[in-house]
Amino acid sequence: MKDNTSLIRQIHDMLGQDKKACVRSFGCQLNVSDGEKIKGILRQAGYSFTDDETEADIIILNTCAVRESAEDRVFGIVGSMKKLKENKPSLLIGIAGCMTAQEHIAEKIKKSYPQVDIVLGTSAISALPGLLLEALKGRKFSADISEYDDFSEAAEQVRESSFKASVPIMFGCNNFCTYCIVPFVRGRERSRRPEDIVSEVRGLVADGYKEIMLLGQNVNSYGNDLADDVTFPGLLRQLNEIEGDFWIRFMSSHPKDASRELIDTIFECGKVAKHLHLPVQSGSTEVLRRMNRRYSIEKYLGTAEYILAKDRDFSLTTDIIVGFPNETDEEFEATLDILRRVKYDNVYSFIYSKRSGTKAAEIEDMVSDETKGKRMRRLLEVQREISTEHYKRFLGRTMRVLVDGPAKKHQGMMTGKSNEFIIVEFEGDISLTGQFVDVKITDTMNWAVRGELI
Ligand code: SAH
Ligand code: SF4
Ligand code: F3S
């Protein structure tokens, strides 16, 4: 990262008292983690934080580009900020994140949204102090979407949670799945040095963090770009050695690289959670070929079976894209079939969204939106039955749970996630937030299980 100390000091001197920043991150956890770094810079510059946009002096929208709906939402919000700015002309508005890395979007923002002061690219977080200073000095529109080598070590982060921490281990993606914008907006894979990761995690554990979520678009290729002989399983083993009572999670794993060594390592390392997010995307090998996923359904099932043979109760979750261009009824049925065979505890499903610049965007798609909508509803129905049934394996068992806080919808109940990444509700006191507890499971619902604190 660039040394910004003097710029930050200048901003600090210009700001005055009680300045507030509102940073909203959309999209995946890597983006949320970038948001924490953006907040780190703003805090050093003298800002405190608010969720209320009307009382903010600077608003930063940290955007996601993975689906069109995500982009539309941001444009809607930016549009509505015109009013905020009219009421408070000194308000600064910044757009950061994956949307800005697409030239046509950066152009559109510049042309059609004059209320925006700052545009900050995904690899340019360290450019924020320079841009902010310009904007504070009254410059109309400052943008930096160039690529810096700033992925490495943030000076300070303002973390969203005091007990769950996200730790990016690598940035970017080399896979170019044909539907996906991520390689275009996040660049090629860059791995952090293992010693930096280990020391960050050690610090977090010393600060009382109970869950460490290692992040990357494909953590299995961690280290491929480093000179030393570091691999993801090797990193997991090093982190597992750190003293303390905490869990290690990671996402995402690309099935083409999910090796036996990785799975053996998960089982050998006591701190690594017994859950794997293994996005299958489709149950049809032919669709997977058109997606450039580089594995067959047989290979994927082989991996799932290897895991489940070691532990039938292990938890698997996945991502599905419904309605990839020209998906046939049979191909869609194959996806339902894979859900039934693997029995995922949770499925994150998305209707295909055309992303300009990707290979799949060039395909002429003959499937109607109506058919895609129908397929999506059917998939949700099928999966609801599967997970409700599958959760029954936990009845009568005691699950270790990291408590998130009060359950929003159920008064008097607390909620948390088990080691297997299952939502668990129980009656308990708010003071348990951020603690590990044991819960005996008495009931299952279609999105969670319930039990009694022991
Ligand atoms: N690197 C991760 C995925 C990150 S994007 C992986 O490979 O697993 C998260 C999910 O968004 C993907 O798994 C995919 O299911 C979905 N997704 C990505 N591009 C999409 C698109 N164009 N339309 C719909 N869903 C998409
Ligand atoms: Fe996108 Fe594929 Fe990379 Fe995941 S692995 S980020 S889906 S290109
Ligand atoms: Fe979205 Fe960028 Fe993440 S496109 S899913 S925020 S890497």
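One-based numbering, in listed order, for ligands and for the atoms of each.
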for atom 7 (O) of ligand 1, nearest protein heavy atom and its distance come out as R293 NH1, 3.5 Å
Ranked by distance from atom 9 (C) of ligand 1, the top protein heavy atom is D319 OD2, 3.8 Å
State whether the shortest distance between N or O atoms of Q217 and N or O atoms of ligand 1 falls below 3.5 angstrom. yes
Find all atoms of ligand 3 within a distance of less than 4.0 Å from any non-hydrogen atom belonging to C28, and give their numbers and elements. 3 (Fe), 5 (S), 6 (S), 7 (S)
Could you tell me whether S353 and ligand 1 have an N or O pair separated by under 3.5 Å? yes
Quick one: which ligand 2 atoms are inside 4.0 Å of a heavy atom on P183? 8 (S)
C64 backbone or side-chain N/O/S under 2.8 Å from atom 2 (Fe) of ligand 3: no
Apply side chain to side chain contact (heavy atoms under 4.5 Å, CB included) to the pair R249 and F421, showing each step before the final yes or no. CA-CA 9 Å; R249 298 190 185 282; F421 214 55; 3.5 Å; yes
Could you say whether the N/O atoms of H254 and ligand 1 ever approach to under 3.5 Å? no
Check whether the ring centres of Y348 and H277 lie less than 6.0 Å apart, and answer yes or no. yes
Numbered atoms and elements of ligand 3 in range of C98, under 4.0 angstrom, heavy atoms: 2 (Fe), 4 (S), 6 (S), 7 (S)
Using a strict 4.0 Å cut-off to heavy atoms of Q217, name the atoms of ligand 3 that fall inside it. 7 (S)
For atom 8 (O) of ligand 1, the closest protein heavy atom turns out to be P279 CG, 3.0 Å
So is there a nitrogen or oxygen of R67 less than 3.5 Å from a nitrogen or oxygen in ligand 1? yes
Determine, considering heavy atoms only, which of K354, Q281, E68 sits nearest to atom 14 (C) of ligand 1. Q281
S221 and E189: side-chain donor and acceptor closer than 3.5 Å? yes
